[in-house]
Amino acid sequence: SKLDLSRSGRCGNRVPIHAIVMFSVAFALLCGVTTIYMSSFGISHLGADPTTRRITTENRDVWIPQVTKKKKHVTAHRRSEMQIPTRGAAKYQIKKLSQSTANVNPADKNRLFCMVPFIWRPTNLPAYHAIRNTWGKRCHILKFFIDPIIGDAEVGHYNATKASEINSARKANLTIPNDVVILHDMQREWHTCNSGENNRKSDETCRNIWEKIWRAWVHVVYGPTGGFRRGVAIKVHEETSFAFKAEWFVKVDADTYLFPENVARYVEWKKWSHDEHHYFGHVLNHRVSDRGVSIVAGAAAFFSRATLLAAADAFRRMPMENGNLEEDGICRDAYTGTDEVVTAVCLKQYANVTAEPAIDSQGREEVALFDISDILSWNRTQMGEWWYWEGKERFPCHDKGDCLAHLPMAFHKYEPQYFYDFEKEFYGCVTIAKKNDASLFISDNGSLASRNWPNFDMTYQYLQRVRQAMGAAGPLQDSKRSSDLSGDISSQKRKLSLLGSSDRETVQRKDRLYCMVPFIWTPKLLPSYHAIRNTWGKRCDTLKFMIDPIIGDEHVGFKDLRSNSTADLPEDVVVIYDIQRPWNACPMSEEGNCRNIWEKVWRSWVWVDSHGGRDLAEWFVKVDADTYLFPENFKRYVRAKQLSPDEHHYFGHRLDHRIDNAAPIIAGAAVFFRYNSWFS
């Protein structure tokens, strides 16, 4: 009289049958009493609205529309035969976290789930390994979602739903790792199309990407069963659903290089909550005319948790009939490769959620859809309003160039080998200037890069701005997953150790100081350069020496870097090539050094602005080379005065000696200002 539960995963535990019977009776009585008690207070087990159902987790309740008409159970394999009515816009009530998140690490409260649609075949495996070994390490959770058909014509095709074929696939070196999820219910095979049916042509990969996307997101929320038990209240369990193991979610193409840490920085900067609806990325507007929606380009489409829950429920309930036809602007299953369009349509139709462009404060795109070496030089006026620009708000960078964010979230259309190059650029040997690394490229002017990038000078300068911005932003500590992020942590600790506890808080709240020193690169002045770098310059968040293109003196000779760029200058020295007035040759010899300081100062600030200065600091100072600066006291001063970086401030030693009621000036020894006070 004993029951063997080994098949249920209990590993051979035996339970007396009478114990099970007694427990069942007690449980039934308890449920009956509870139902009577709830009914006496007018409480329905489906919530206040009988057309909704409640998903209960430890910290929140999520109300999701419930189909009230009962249907016979239909398996997922026959779901394509079902006709499910469209219910219109759904209402979602998402209660905020009951527990305080004030002390939660930003990396832990903005965790990212990375979902990569994939085909498991030999030619794609280099991309799989490249993702896992580069940006995938910085996702909180990384999953590849594949079709059940794996392999190719050379090694053979295998159905991973069948155990016998899985064993054969292993012999063909097609073992499926733990971070790969098989979507067993896929109805459309990727490798064979029905030639002739509905004018379809046979091609290498059938247009099943939309089915793969919606099934993947339903799997993330509801698990392998997909939540397809019609007429049954479905509870999403926080302990098993991926939807509650991260706050933010991204569908990312396998040819996209992702910056997960910059996604966390972006939502922090926007002050967004994952309990709010957010559907964002590179927004395109060319389908508004025929589909009525803006879409997020599929290179990297981001969702808050609230929006993912809404999307998964919409996908679970959308009509399945006519799934063999191209999409038509209705939220339904479809034979289409334009998953971006149907996703946007479903979110608007069921949850009234629309796409939000991911751009920085200057209108620069966070997601690059094409090779960055090309996009950096694009001019909207010259190119005209093609689909890329259509309907976008116009920003100055659209015509000036450099219209990619300096804390980017994704670069699209890159082969796997480029992922390793980006790792070197932002996290590896390029960041530490390891010039003896034979794998690196050194340009004619001594610039160190992971490869000889197209349009090298422009691309190198952009990558340098990204490195600087990411270093200034600092690493995001993630207790769940180790991240090899940029930034000299020991240097930051050294700087903080010089300050008191209140001043450490000032630094940590990003009162960063950019120190700009106008300079002349001559042997006579080099002791000043080294003295600044070895003393107060170490306590600036960014230190740059701005020099004329003419270097040297009459003893060692003068060199014009505009025609001869072979000088080996330190990385903190910037050549202002556009200076028109040479410092070493004046119209009148009695003037000594020519009076070109104003041109050097204004051109220097223009350079700072065009090279990502706004991303590196909140406060800026022009400081003379014969001035000893106290950066830490500056930060104490703005804290004591409660000066906000969001307001205009221009200060220092004020002088009022100018005649004719001229405006007061700040003595040039050290001139401080907030970014917008100068660059606006």
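For the single chain, residues carry numbers from 1 onward in sequence order. None of the values given here were measured: they were computed from a predicted structure. The figures that follow rest on heavy atoms only: side chains count, while hydrogens, waters and symmetry mates do not.
The aromatic rings of His398 and Trp389 sit tilted, their planes meeting at an angle between 30° and 60°. Taking the six-membered ring where tryptophan is involved, the planes of Trp272 and Tyr266 are perpendicular, since the angle between them exceeds 60° and thus also 30°. Using cut-offs of 30° and 60° on the angle between ring planes, the pair Trp387 and His286 is tilted. Using bins of under 30°, 30° to 60° and over 60° for the plane-to-plane angle, the ring pair His649/Trp619 lands in the tilted bin.
In this model, no donor atom of one side chain and acceptor atom of the other lie less than 3.5 Å apart for His282 and Glu366. Counting only N and O atoms by type, the side chains of His406 and Asp360 include no donor and acceptor under 3.5 Å apart. Judged purely by distance below 3.5 Å, without hydrogens or angles, the side chains of Ser373 and Asn455 never pair a donor atom with an acceptor atom. With 3.5 Å as the limit, one finds a donor-acceptor pair spanning the side chains of Tyr529 and Asp572. Side-chain N/O atoms of Thr134 and Glu423 include no donor and acceptor closer than 3.5 Å. In the model, Trp453 has a side-chain atom that pairs as donor or acceptor with a side-chain atom of Glu425 under 3.5 Å. Side-chain polar atoms of Glu618 and Tyr514 form no donor-acceptor pair below 3.5 angstrom. Counting only N and O atoms by type, the side chains of His274 and Glu276 include no donor and acceptor under 3.5 Å apart.
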Worked verdict on Trp135 versus Phe422 for ring-ring contact (aromatic ring centres under 6.0 Å, His included)
CA-CA 9 Å; Trp135 60 260; Phe422 286 132; over 10 Å; no
Before giving the answer on side-chain contact (heavy atoms from CB on, under 4.5 Å), spell out for Leu258 and Cys114 the whole-Å C-alpha distance, their side-chain angles and the decisive distance to 0.1 Å.
CA-CA 9 Å; Leu258 192 71; Cys114 301; 3.8 Å; yes
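In this structure the side chain of Val267 reaches within 4.5 angstrom of the side chain of Phe280, judged on heavy atoms. Residues Ile119 and Lys212 have side chains in contact (heavy-atom distance under 4.5 Å, counting atoms from C-beta outward).
Annotation: disulfide bond (SG atoms under 2.5 Å apart) contacts involving residues 367-396, sequence neighbours excluded, are absent.
Geometrically, Arg467 engages Tyr460 in a cation-pi contact, judged by NZ or CZ lying under 6.0 Å from the ring centre and within 45° of the ring axis. For Lys392 and Tyr388, the positive end sits near the middle of the six-membered ring, less than 6.0 Å away and at most 45° from its axis. Judged by a 6.0 Å distance limit and a 45° cone about the ring axis, Arg265 is not positioned over the six-membered ring of Phe259.
Rounded to the nearest 0.5 angstrom, Ile597 CD1 and Trp583 CH2 are separated by 13.0 Å. Separation of atoms CD1 (Ile131) and CG (Asp255) is listed at 8.5 Å; rounding is to 0.5 Å.
In terms of the salt bridge (Lys or Arg N to Asp or Glu O under 4.0 Å) criterion, residue partners of Asp402 (sequence neighbours excluded) are, by chain and number, Arg465. Residues satisfying the salt bridge (Lys or Arg N to Asp or Glu O under 4.0 Å) test with Arg132, not counting sequence neighbours, are Asp179.
Taking the six-membered ring for Trp and the full ring otherwise, the centers of Phe118 and Phe145 sit at least 6.0 Å from each other. Under the 6.0 Å cut-off for aromatic ring centres, Trp386 and Trp378 qualify, their centroids lying closer than that. Ring-centre distance between Trp210 and Phe315: below the 6.0 Å cut-off. Taking the six-membered ring wherever Trp is involved, the centroid distance between the rings of Tyr418 and Phe411 does not fall below 6.0 Å. Taking the six-membered ring for Trp, Phe249 and Phe242 have ring centres at least 6.0 Å apart.
Between Tyr650 and Phe673, the closest heavy-atom pair is CA-CB, 4.0 Å.
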